[in-house]
Student: 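One structure, pasted below without further comment.
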Amino acid sequence: MTENLIKRYLLESAYENGTYDSSVNFREISFQNDLFEKINSGKIELKENEFKKWLEEYKRLRELFGEFLINNGYLLPDEKVIELSEDESISSIKNLKVNKKIIVAQAGEGCFAKPFNGSLEGHLIVDGIYDNQLIYLARNASISNFTIGYCGNKDSLYTKRVIEYYRKLKRVLKLIINIDNVDIKEKTMNRDKIMILDYRK
């Protein structure tokens, strides 16, 4: 169990049980950090069985996101792909036959940690919302393509939060990084919802 995955679980759980105040912007990362510290200090307990159940479902959704990208032509087999992910073990592209690189980042909106400063030349993939994400988008869009979005349970409050974030992001991408030719696609498959914003340079 990695720290980033536990924090992601804590954040999603807080959305689902109503203990996260979503009216406060850019608070997700500090919120989950505080909860993680309380676990470490013994003030609250991590329910390991619930976490393991969540993790298995999360892995399934990540794989579904990767399969959706490759099956719908968003990724090409010989493409160089960069993905933001909490951990390499749950990357949505880890099983795909592409030239891949994983940037490990914490889930949550904002710019808290020092951004990765290596090359971002390649097709940027993001499934979710991550620390420094807008920085990576701005750097990547000047040199390459990106396909960003989310795959989650359609009835989840956290899924609804991320989907709304991407709808708003679509409207402001021109202001942030001076692009407006971004395609948007939403699809519901049984209990799952996928949203994609796709940019081709």
Student: Might you work through the side-chain contact (heavy atoms from CB on, under 4.5 Å) test for Phe68 and Ile196, ending with a clear yes or no?
Tutor: CA-CA 10 Å; Phe68 184 84; Ile196 297 288; 3.8 Å; yes
Student: Would you say that more than 12 heavy atoms from the other residues, nucleotides or ligands in this model lie under 6.0 Å from the CD of Glu121, or not?
Tutor: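 Check fails, neighbour count at 12 or below.
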Student: Are Phe112 and Tyr165 grouped together when hydrophobic residues (ILVMFWY) are joined by side-chain heavy atoms under 4.5 angstrom apart?
Tutor: no
Student: What I'd like to find out is whether the side chain of Ile135 reaches to under 4.5 Å of the side chain of Arg139, using heavy atoms alone.
Tutor: yes
Student: Please determine whether the number of non-hydrogen atoms from other residues, nucleotides or ligands lying under 6.0 Å from atom NZ of Lys174 exceeds 12.
Tutor: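 Above 12, so yes.
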Student: Taking atom CG of Asp192 and atom NZ of Lys187, what is their separation to the nearest 0.5 Å?
Tutor: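 NZ of Lys187 is found 11.5 Å from CG of Asp192.
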Student: To the closest 0.5 Å, what do you measure between OG (Ser89) and CG (Leu55)?
Tutor: 7.0 Å
Student: If you compare all heavy atoms of Thr188 against all heavy atoms of Asn190, which two are closest, and at what distance to 0.1 Å?
Tutor: CG2-O, 3.9 Å
Student: Main chain of Gln106, side chain of Asp131: is a donor-acceptor contact present, judged purely on distance under 3.5 Å?
Tutor: no
Student: Would Ile103 and Leu120 count as a side-chain contact (heavy atoms from CB on, under 4.5 Å) if you check the C-alpha gap in whole Å, the side-chain angles of each, and the deciding distance to 0.1 Å?
Tutor: CA-CA 10 Å; Ile103 298 175; Leu120 286 177; 3.4 Å; yes
Student: Could you walk me through whether Arg27 and Asp21 satisfy the side-chain contact (heavy atoms from CB on, under 4.5 Å) test, starting with their C-alpha distance in whole Å, then the side-chain angles of each, then the deciding distance to 0.1 Å, before giving a yes or no?
Tutor: CA-CA 9 Å; Arg27 185 174 164 259; Asp21 181 5; 4.2 Å; yes
Student: Would you indicate whether the side-chain heavy atoms of Leu5 and Tyr58 approach each other to under 4.5 Å?
Tutor: yes
Student: Which pair of non-hydrogen atoms, one from Ala141 and one from Phe146, has the smallest distance, and what is that distance?
Tutor: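 Here Ala141 and Phe146 meet closest at CB-CE2, 4.0 Å.
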Student: Please evaluate residues Ile93 and Ile102 with respect to the criterion side-chain contact (heavy atoms from CB on, under 4.5 Å), reporting the C-alpha separation (whole Å), side-chain torsions for both, the decisive distance (0.1 Å), and the verdict.
Tutor: CA-CA 9 Å; Ile93 61 170; Ile102 309 298; 4.2 Å; yes
Student: With side chains defined as the heavy atoms from C-beta onward, is the minimum distance between Asp183 and Lys170 less than 4.5 Å?
Tutor: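 Not in contact.
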Student: Rounded at 0.5 Å granularity, tell me how far OH in Tyr150 sits from CD1 in Ile163.
Tutor: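 Those atoms lie 8.5 Å apart.
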Student: Supply the atom-to-atom distance Lys154 NZ to Lys160 NZ, rounded to the nearest 0.5 angstrom.
Tutor: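 So the gap between those two atoms works out to 8.5 Å.
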Student: With sequence neighbours excluded, tell me which residues meet salt bridge (charged side-chain N to carboxylate O under 4.0 Å, His left out) with Glu186.
Tutor: Arg167, Lys193
Student: Output, in order, the C-alpha distance, side-chain angles, deciding distance and verdict of side chain to side chain donor-acceptor pair (under 3.5 Å) for Thr2 and Asn4.
Tutor: CA-CA 6 Å; Thr2 71; Asn4 280 346; 5.8 Å; no
Student: Testing the basics here: between Ser91 and Glu83, what is the closest heavy-atom pair and its distance to 0.1 Å?
Tutor: OG-OE1, 2.5 Å
Student: Tyr20 and Phe31: aromatic ring centres closer than 6.0 Å?
Tutor: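 Yes, ring centres under 6.0 Å apart.
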Student: Could I get the full list of side-chain hydrogen bond (donor to acceptor under 3.5 Å, both in side chains) partners for Glu79, not counting sequence neighbours?
Tutor: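 His123.
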Student: Do Tyr166 and Val126 make a side-chain contact, defined as non-hydrogen atoms from C-beta onward lying under 4.5 Å apart?
Tutor: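 Heavy-atom side-chain distance check passes, below 4.5 Å.
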Student: Where is the tightest heavy-atom contact between Gly122 and Asn140, given as atom of each residue plus distance?
Tutor: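 Closest approach of Gly122 to Asn140, heavy atoms only: O-ND2, 2.8 Å.
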Student: Heavy-atom count around Lys47 NZ within 6.0 Å, excluding the residue itself: above 12?
Tutor: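 Incorrect, the count does not exceed 12.
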Student: Salt bridge (charged side-chain N to carboxylate O under 4.0 Å, His left out) with Lys101: which residues, sequence neighbours excluded?
Tutor: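 Lys101 satisfies salt bridge (charged side-chain N to carboxylate O under 4.0 Å, His left out) with no residue once adjacent residues are dropped.
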Student: Where do Leu64 and Cys151 come nearest, in terms of heavy atoms and distance?
Tutor: CD2-SG, 3.7 Å
Student: Within a reach of under 6.0 Å around CG of Asn49, are more than 12 heavy atoms found that belong to other residues, nucleotides or ligands?
Tutor: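 Atom CG in Asn49 is not crowded, with 12 or fewer foreign heavy atoms closer than 6.0 Å.
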Student: Can you tell if the side chain of Ile148 reaches within under 4.5 Å of the side chain of Tyr136, non-hydrogen atoms only?
Tutor: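 The answer is no; the side chains never approach within 4.5 Å.
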Student: List the residues meeting side-chain hydrogen bond (donor to acceptor under 3.5 Å, both in side chains) with Glu57, not counting sequence neighbours, and say none if there are none.
Tutor: Arg60
Student: How close do Phe65 and Ser92 get, counting heavy atoms only, and between which atoms?
Tutor: CD2-OG, 3.8 Å
Student: State the CG-CD1 distance between Asp34 and Ile29, to the nearest 0.5 angstrom.
Tutor: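 Spacing of CG (Asp34) from CD1 (Ile29) equals 12.0 Å.
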Student: So do Ser144 and Leu124 actually touch side chain to side chain, heavy atoms under 4.5 Å?
Tutor: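 The answer is no, as the side chains (C-beta and beyond) never meet within the 4.5 Å cut-off.
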Student: Taking only Lys NZ, Arg NE, NH1 and NH2, and the carboxylate oxygens of Asp or Glu, determine whether Asp127 and Arg62 approach each other closer than 4.0 Å.
Tutor: yes
Student: Report the residues that fulfil side-chain hydrogen bond (donor to acceptor under 3.5 Å, both in side chains) with Arg161, sequence neighbours left out, ordered by chain and then residue number.
Tutor: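 Checked Arg161 against side-chain hydrogen bond (donor to acceptor under 3.5 Å, both in side chains); matches are Tyr15, Glu28, Glu109.
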Student: For the CD1 atom of Ile82 and the CG atom of Asn99, what is their distance to the nearest 0.5 Å?
Tutor: 9.5 Å
Student: Please check this pair: side chain of Glu88 against backbone of Val104, looking for a donor-acceptor N/O pair closer than 3.5 Å.
Tutor: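 The answer is no, because no donor-acceptor pair under 3.5 Å joins these two groups.
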Student: Between Ile6 and Leu10, is any pair of side-chain heavy atoms under 4.5 Å apart?
Tutor: yes
Student: Going by heavy atoms in the side chains, are Phe116 and Asn132 under 4.5 Å from each other?
Tutor: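 Phe116 does not reach Asn132 side chain to side chain.
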Student: side-chain hydrogen bond (donor to acceptor under 3.5 Å, both in side chains) with Glu63: which residues, sequence neighbours excluded?
Tutor: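 Partners of Glu63 by the side-chain hydrogen bond (donor to acceptor under 3.5 Å, both in side chains) criterion come out as none, since no residue qualifies.
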